[in-house]
Amino acid sequence: VLFGGELLKVGLPKTITYIPGNPFQLYKVASFEGELASEDKLSLIIDGTLVAFAAGSNVEEYVTPEGVRAIGPLSFYRNTTLKKIVISEGVTKIRSEAFMCDVSDDTKLEDVYLPSTLDTLDFYAFARCKKIKRFYGDNKFIGSDGYALFVDNYNKCDKLVKEYFA
């Protein structure tokens, strides 16, 4: 597979200490192997950052592993089966386009649970996720309607409302 498609397993050596973004964003990876893989083999974690999720795993509900402190850019991109994501306590950052939905995919993400520890929500974190019904959690980013997200960080976004997902 040279560009796009499906990969059954991906393994990376422990010597890798940084990956900018999700190098597998154009592939449907079924699972990860090796020392950088999460215990459930569904995530690739480097130095506390979840950099890639197994978009080809057919998982409908997912809880981020303990010890994850950040969700990296495009880490859940192209996932078409995930309906519910619970971002565990301890996660402080969700990077740009982390859960961005692809316009050509039939994305199913409906419920998002944000931790109270979250202090940075980057731009377009949930862009084009049109099926999200509600955000849950005791968090400063969630509006009283459970749908609007309020962001006040270095990106200078003031308010993200329903049109944000269109």
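In what follows, residues are counted from 1 in the order of the sequence shown.
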(Q) Under the criterion side chain to side chain contact (heavy atoms under 4.5 Å, CB included), I'd like the reasoning laid out for Val91 against Leu114: C-alpha separation, chi angles, the key distance, then a yes or no. (A) CA-CA 9 Å; Val91 173; Leu114 298 175; over 6 Å; no

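- Ile132 CD1 to Asp111 CG: the interatomic distance, rounded to the nearest 0.5 Å, is 9.0 Å.
- The shortest side-chain heavy-atom distance between Phe76 and Ile85 falls under the 4.5 Å cut-off.
- Across all their heavy atoms, Met100 and Arg128 have their closest contact at CE-NH2, 3.5 Å.
- Partners of Glu110 under the salt bridge (Lys or Arg N to Asp or Glu O under 4.0 Å) rule, at least two apart in sequence or in another chain, are Lys133.
- Residues Glu89 and Ser116 are in side-chain contact: their nearest non-hydrogen atoms beyond the backbone lie under 4.5 Å apart.
- At a threshold of 4.5 Å between non-hydrogen side-chain atoms, the residues Leu109 and Lys83 do not count as touching.
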Let me check something: any side-chain donor-acceptor pairs from residues 48-62 under 3.5 Å, sequence neighbours excluded? List them with distances.
| unit_1 | atom_1 | unit_2 | atom_2 | d |
| --- | --- | --- | --- | --- |
| Ser57 | OG | Ala54 | O | 2.8 |
| Tyr62 | OH | Asp40 | OD2 | 3.4 |
| Tyr62 | OH | Ser43 | OG | 2.6 |

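- In this structure, Leu44 and Ala37 approach most closely via the heavy-atom pair CD1-N, 4.4 Å.
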Q) What do the steps show when you test Val112 against Phe99 for side chain to side chain contact (heavy atoms under 4.5 Å, CB included), and what is the final call? A) CA-CA 10 Å; Val112 179; Phe99 292 90; over 6 Å; no

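- Residues forming a side-chain contact (heavy atoms from CB on, under 4.5 Å) with Ser96 (at least two apart in sequence, or on another chain): Pro73, Asp122, Phe123.
- When every heavy atom of Arg95 is checked against every heavy atom of Thr120, the shortest pair comes out as NH1-CG2, 4.0 Å.
- Distance check, rounded to the nearest 0.5 Å: CD of Glu35 to CD1 of Ile45 gives 13.0 Å.
- Take Ser88 and apply the side chain to side chain donor-acceptor pair (under 3.5 Å) test, not counting sequence neighbours, and it matches Thr64.
- Note that CZ of Arg69 and CG of Asp47 are 5.5 Å apart. Values are rounded to the nearest 0.5 Å.
- Residues that satisfy the salt bridge (Lys or Arg N to Asp or Glu O under 4.0 Å) test with Lys41, not counting sequence neighbours, are Glu33.
- Below 30°, between 30° and 60°, or above 60°: for Phe135 and Phe126 the angle between ring planes is above 60°, a perpendicular geometry.
- Although no hydrogens or angles enter the test, the distance criterion places no donor-acceptor pair under 3.5 Å between the side chain of Thr117 and the main chain of Thr92.
- In terms of heavy-atom proximity, Ala70 sits nearest to Val68 at O-CG1, 3.3 Å.
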